Amino acid sequence: MFYIYCPYCGEHREEEEFHNHGQAHIERPKDPDSCTDEEWGNYMFFRKNPKGLHHEIWVHAAGCRKFFNVTRHTVTYEIKEVYKMGEQPKVVAE
Amino acid sequence: MQQYSGFGLLKHSLSHHENWQRVWRNPTPKKKYDVIIIGGGGHGLATAYYLAKEHGITNVAVIEKGYLGGGNTARNTTIVRSNYLWDESAHLYEHAMKLWEGLSQDLNYNVMFSQRGCLNLGHTLQDMRDIERRVNANRLNGIDGEVLDAKQVSEIVPILDCSDNARYPVMGASWQPRAGVARHDAVAWGYARGADMRGVDLIQQTEVVDLIIEDGTILGVKTDRYGDIMADRVGSVVAGNSSVVAAMAGFELPLESHPLQALVSEPIKPILDTVVMSNHVHGYASQSDKGDLVIGAGIDSYTGYGQRGSYPTIEHTVQAIVEMFPIFSRVRMNRQWGGIVDTCPDACPIISKTPVKNLFFNCGWGTGGFKATPGSGNVFAASLAKGEMHELAEPFSMFRFHNGALIDEHGAAGVAH
């Protein structure tokens with residue numbers, strides 16, 4: 001059970017208000033038409049899925065409805081950091 | 001190795017059951033094997049069994065970081081069915097179903113396979129259209145299936161709330177009579193015993209920490225307890241940890257590992273003699289031979305390797321069960337647990353070659369791998385033996401996520417199970 005800090009609301013709220021949207025910082029190819037099938041497939045489907053620190057997107061679905069990033073450990077589930085869209089994580093895997 | 005029989009049971013009863021042989025050895029690994037299988041769960045052990053039995057390849061090691069069948073094999077809710085929509089997956093799951101039907105005899109080990117049938121409920125017009133389409137597709141593929149209306153459903157499961165007062169009234173269901181449940185641990189143990197008696201080394205408490213790869217070809221694995229072990233071919237069958245092994249090999253997979261939780265109730269008298277699943281209300285239940293209700297529902301939304309999930313997910317699961325079975329509203333839950341399921345974007349597995357030569361992956365079974373255990377092991381063994389994918393495994397290549405030939409089974413995979 002998570003207690004997640006929403007950087008827009010400035011409050012901790014219970015997990016049920018949020019939805020997880022998977023891996024963060026996936027950049028859409030600038031020119032999709034010139035992508036190879038492999039590049040497009042990697043963008044669409046292939047994920048890091050790490051055992052350890054994971055940068056991921058959450059949305060405050062039952063609150064401000066804004067998206068933001070969370071750095072979380074996927075074994076301990078500990079949330080290390082919360083940061084807004086467009087920002088870079090401070091806590092990164094070694 | 002001793003064969004099990006009713007006579008043997010009688011004989012051992014005379015010595016108070018104190019002289020049963022150990023079911024498998026606990027060997028020290030050799031320096032080199034023909035095939036190494038990473039992961040000693042149901043699928044990995046089945047792979048080893050069929051390699052030895054059907055392909056005569058017995059110089060095989062199964063390397064397991066914990067104990068045999070201690071991952072998702074021990075954590076699933078034991079449902080077996082084969083009513084999948086698309087030809088590729090229907091053939092694969094039906095191949096498994098046919099093996100299930102003779103498995104206890106084949107293994108000389110009672111896997112308690114009970115073909116008690118499975119209902120997939122429909123609650124909306126769209127559900128019913130999808131069910132009709134899927135049952136028709138099943139029948140064309142030689143898989144048993146029937147479309148039932150609400151009255152027929154209530155005759156099979158009188159305790160199911162089929163009234164118009166339900167929040168999502170039951171409109172009907174698909175019914176696969178040959179579906180059922182099996183004893184999950186026995187499946188792992190039976191395959192382990194069968195593989196061991198044919199010479200396969202089962203190496204427990206040994207973790208693969210890295211892969212030995214040179215010039216794009218795998219040569220062996222590094223382990224924490226026994227150092228390097230070499231092999232001609234390596235098969236990874238590690239479910240939720242597949243992305244971790246893939247990272248050792250230097251590539252990514254289209255997988256995300258999620259916690260999937262399940263629970264069992266206190267034992268109650270026989271009340272539910274079939275499997276009931278609902279995609280729409282999103283839950284499912286069956287009753288084990290011990291009398292506990294075996295209950296499950298959806299995965300937790302976030303990824304995780306912790307083998308546990310969040311309470312709101314359990315709450316949703318129990319809500320769905322009470323919605324379907326109001327009579328269970330005061331049944332107390334006995335145990336709850338979580339496993340790590342490796343979900344694929346198209347809800348179908350990956351049984352595939354990889355960018356590394358002689359390294360094969362069998363993963364991505366997501367929430368429903370148990371039912372496929374015999375078929376998965378059987379086709380993966382054939383692929384490892386020949387170095388070329390078995391025809392039933394061919395469509396499940398990881399490269400389908402590059403060429404677009406996805407097999408969308410979200411409908412038939414339905415509620416996580």
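Residue numbers begin at 1 in each chain, while the letters A, B, ... track the order of the sequences. Just so you know, these numbers come straight off a predicted model, no measurement behind them.
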Best-contacting candidate, B:P259, B:G309, B:G306, B:G240, against chain A by heavy atom pairs under 4.5 angstrom:
B:G306
Mark yes when over 12 heavy atoms from residues, nucleotides or ligands other than B:Q319 sit less than 6.0 Å from its CD; otherwise mark no.
yes
Give the member of B:A246, B:A247, B:P254 that has the highest number of heavy-atom pairs under 4.5 Å with chain A.
B:P254
Got more than 12 heavy atoms from elsewhere within 6.0 Å of CG, B:D215?
no
Minimum heavy-atom distance A:N49-B:Y305, with the two atoms named
O-OH, 2.6 Å
About how many Å separate OG of B:S301 and CZ of A:F18, when rounded to the nearest 0.5 Å?
11.5 Å
Considering residues, nucleotides and ligands other than A:H21, do more than 12 of their heavy atoms fall under 6.0 Å from its NE2?
yes
B:R308 portion near chain A, given a 4.5 angstrom heavy-atom threshold:
both
B:Y302 side chain vs A:R72 backbone, donor-acceptor pair below 3.5 Å:
no
Among B:Q307, B:E256, B:R400, B:E252, which has the most heavy-atom pairs under 4.5 Å with chain A?
B:E252
Structural part of B:N241 lying under 4.5 Å from a heavy atom of chain A
side chain
Are the side chains of A:F45 and B:M398 in contact, using a 4.5 Å heavy-atom criterion?
no
Kindly compute the distance separating CE (A:M44) from CG (B:L406), expressed to the nearest 0.5 Å.
8.5 Å
Rounded to the nearest 0.5 Å, how far apart are CZ of A:F2 and CG of B:D300?
8.0 Å
Answer yes or no: does atom OH of B:Y67 have more than 12 heavy-atom neighbours from other residues, nucleotides or ligands under 6.0 Å?
no
Side chain, backbone, both or neither: which part of B:H316 has an atom under 4.5 Å from a heavy atom of chain A?
side chain
Contact part of A:E56 toward chain B, heavy-atom cut-off under 4.5 Å: side chain, backbone, both or neither?
side chain
Answer with side chain, backbone, both or neither: which region of B:I314 has an atom nearer than 4.5 Å to a non-hydrogen atom of chain A?
neither
Do you know which of A:E14, A:K48, A:H73 has the most heavy-atom pairs with chain B at a distance under 4.5 angstrom?
A:K48
So CD of A:E15 and OG1 of B:T313: to nearest 0.5 Å the spacing works out to 6.0 Å
As a quick check of understanding, evaluate side-chain contact (heavy atoms from CB on, under 4.5 Å) for B:Y311 and A:E16, giving each step before the final call.
CA-CA 10 Å; B:Y311 289 109; A:E16 273 187 294; over 6 Å; no
